Amino acid sequence: MSVDNLQNKTNQNVELKSKKYGFKNPEKAKEIWKKCLEIIKQNLNGLSFKTWFEPIEPVGFDKNELTIKLPNDFSWDYIEVNFNSLIKKALLETIGENAKLTYIFDTDSTSSNQITITENYYPINYNLNSISGSKINQYSKEINWNINRSQEEEYFETNLNEKFTFDNFIKGEGNQLARAAAIAVANQPGGTSFNPLFIYGGVGLGKTHLIQAIGNYIVKNKKAKRVLYTTAEKFTTEFVDSIRKGNTNEFTAFYRKVDTLIIDDIQFLSGKESTTDTFFHIFNSLYQFGKQIVLSCDKPPKSLSGIDERLISRFQWGLSVDIQPPDLETRIAILIKKSESFNLDIDLNIIEYIAANITTNIRELEGALIKLLAKASLEGKEITLDLAREIVKSVATEKRSTLTLDQIQTIVAEYFGINTDILRAKTKKKEFVQARQIAMYFCKKFTNASLKTIGLNFGGRDHTTVIHALQTVEEQLKDNSFAEMLSTIQKKIEYKT
Ligand code: ADP
Ligand code: MG
């Protein structure tokens with residue numbers, strides 16, 4: 001994150017903080033939400049209604065703005081993609097043209113039921129405006145705000161996702177050592193011999209979860225002041241950007257001020273000489289002052305190529321520890337924990353079947369469970385062993401169904417070096433139009449969202465615009481360099497799954 005952004009984030013935060021104190025008119029909210037539910041119920045099958053809408057709690061109503069609380073962030077993703085227009089219709093009919101909706105959800109609904117909405121939540125504003133008959137929807141999300149931090153403290157954007165904690169990281173044979181080292185480091189950042197802590201292993205085994213858990217623990221328990229999580233890719237992009245803007249000194253100074261630096265997927269630095277060089281200096285400076293460095297990588301340090309030997313040897317100064325694929329017991333435990341977080345009571349046979357058949361990757365394991373739930377609720381089916389078989393089969397062939405439109409937009413926007421807002425904006429500038437069309441193309445390719453939903457998520461565009469985008473991209477694919485670009489973006493998207 002750039003230094004300039006800090007101030008904006010701070011302002012945003014102050015604004016959000018003022019929102020937290022109490023919700024107005026809870027009774028009115030209940031009444032309005034009840035009416036909305038009646039409309040929604042008429043348009044949905046029973047199981048979908050039960051799964052997605054019954055757990056929602058109305059919490060407040062103020063000046064046309066209804067605030068509802070969702071059980072977890074997954075619900076938000078799912079509802080946004082699948083029931084967006086239905087909710088909109090219900091709100092417009094119940095509240096009227098100026099209806100606004102704010103979603104909130106617990107950031108950690110899995111680990112304890114003590115967490116209440118006033119402790120920890122992400123507010124998401126979702127405005128419905130009506131302009132001369134055509135409905136435009138805008139929303140801002142992913143505003144990450146940790147209210148446990150005391151107000152006097154200087155605000156520091158950590159980039160951490162609060163959902164990754166030690167509490168919901170299941171211990172197993174494959175991750176035991178890495179987990180123990182992570183906990184030790186989190187308790188004494190910079191104070192153990194595990195500096196840097198270098199965690200490596202294959203895709204979807206929990207590296208990101210574990211290193212983010214370190215950061216979250218440090219922040220929550222105030223073990224260090226400035227904790228920063230970033231990816232090597234983001235670090236590189238920011239560095240290149242700082243060269244362009246001529247403020248590399250500020251870039252370096254910013255990183256040198258960090259107390260715990262957590263960098264994900266460090267293998268990305270391979271072959272990027274000047275970025276690596278800058279990182280080398282930052283590393284030395286932090287190390288010298290006893291600041292904690294945590295790194296994740298897809299391979300052990302000695303197998304890294306295209307990175308300065310001096311840096312590789314520094315990676316080995318502390319502790320390098322690997323994460324191995326989970327054994328059956330761990331896989332079962334993860335599935336049980338995850339289904340509990342969705343308030344699901346799935347038959348143990350079914351859980352065991354999934355755990356026995358999806359063996360190498362925890363992300364896929366979770367993906368299968370989510371798919372099972374989604375399929376059962378959308379098609380109004382029971383969760384049975386047969387359905388689980390069907391899902392397991394399809395997970396093997398298409399691993400991408402858990403992506404959200406938002407994630408795809410972010411990846412495409414990052415590739416083009418633009419803000420995701422531009423993808424949803426009205427601008428007709430040529431390069432923006434191309435980025436938008438490519439993003440739409442991948443949304444169709446990698447999700448089950450309808451053309452209509454995709455259009456809505458690109459600044460309320462019509463489904464015919466989406467069709468046009470798909471046709472344009474397919475036409476351009478005949479050009480080799482365009483096809484190559486698309487394949488690069490596609491790899492980035494697949495990497496995320
Ligand atoms: P990696 O960074 O190694 O590719 P992630 O950390 O992104 O993998 O993990 C993939 C998914 O699996 C995440 O949703 C994560 O929360 C989950 N996960 C991984 N390991 C565990 C674990 N031991 N317990 C619970 N969830 C896990
Ligand atoms: Mg990762």
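Every number for a ligand or one of its atoms is a count from 1 in the order of the listing. Owing to the predicted nature of the structure, the values given are computational and were not obtained by experimental measurement.
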Sub-3.5 Å donor-acceptor pair from the side chain of [X] to the main-chain atoms of [Y], do we have one?
X      : Y      : result
Lys371 : Val392 : no
Arg331 : Ile358 : yes
Asp259 : Gln292 : no

**Request:** Show your reasoning for whether side chain to side chain contact (heavy atoms under 4.5 Å, CB included) applies to Phe268 and Phe235.
**Result:** CA-CA 10 Å; Phe268 188 84; Phe235 182 88; over 6 Å; no

**Asked** Is the number of heavy atoms from other residues, nucleotides or ligands under 6.0 Å of Glu273 CD greater than 12?
**Response** no

**Phe279 side chain reached by Ile266 side chain, heavy atoms, under 4.5 Å** = yes

**Message:** Determine whether the aromatic ring centres of residues Phe251 and Tyr255 are separated by less than 6.0 angstrom.
**Reply:** yes

**Request:** Is it possible for you to check whether Arg314 lies under 6.0 Å from the centre of the six-membered ring of Phe280, through NZ or CZ, and within 45° of that ring's axis?
**Result:** no

**Request:** May I ask you to decide if the ring planes of Phe49 and Phe53 are parallel, tilted or perpendicular, using 30° and 60° as cut-offs?
**Result:** parallel

**Request:** Non-hydrogen atoms closer than 4.0 Å to ligand 1: which protein residues do they belong to? List them by chain and number, please.
**Result:** Phe164, Asn168, Phe169, Ile170, Asn175, Gly202, Val203, Gly204, Leu205, Gly206, Lys207, Thr208, His209, Ile334, Ile362, Arg363, Glu366

**Request:** Would you list the protein N, O or S atoms within less than 2.8 Å of the Mg ion (ligand 2), leaving out water?
**Result:** Thr208 OG1

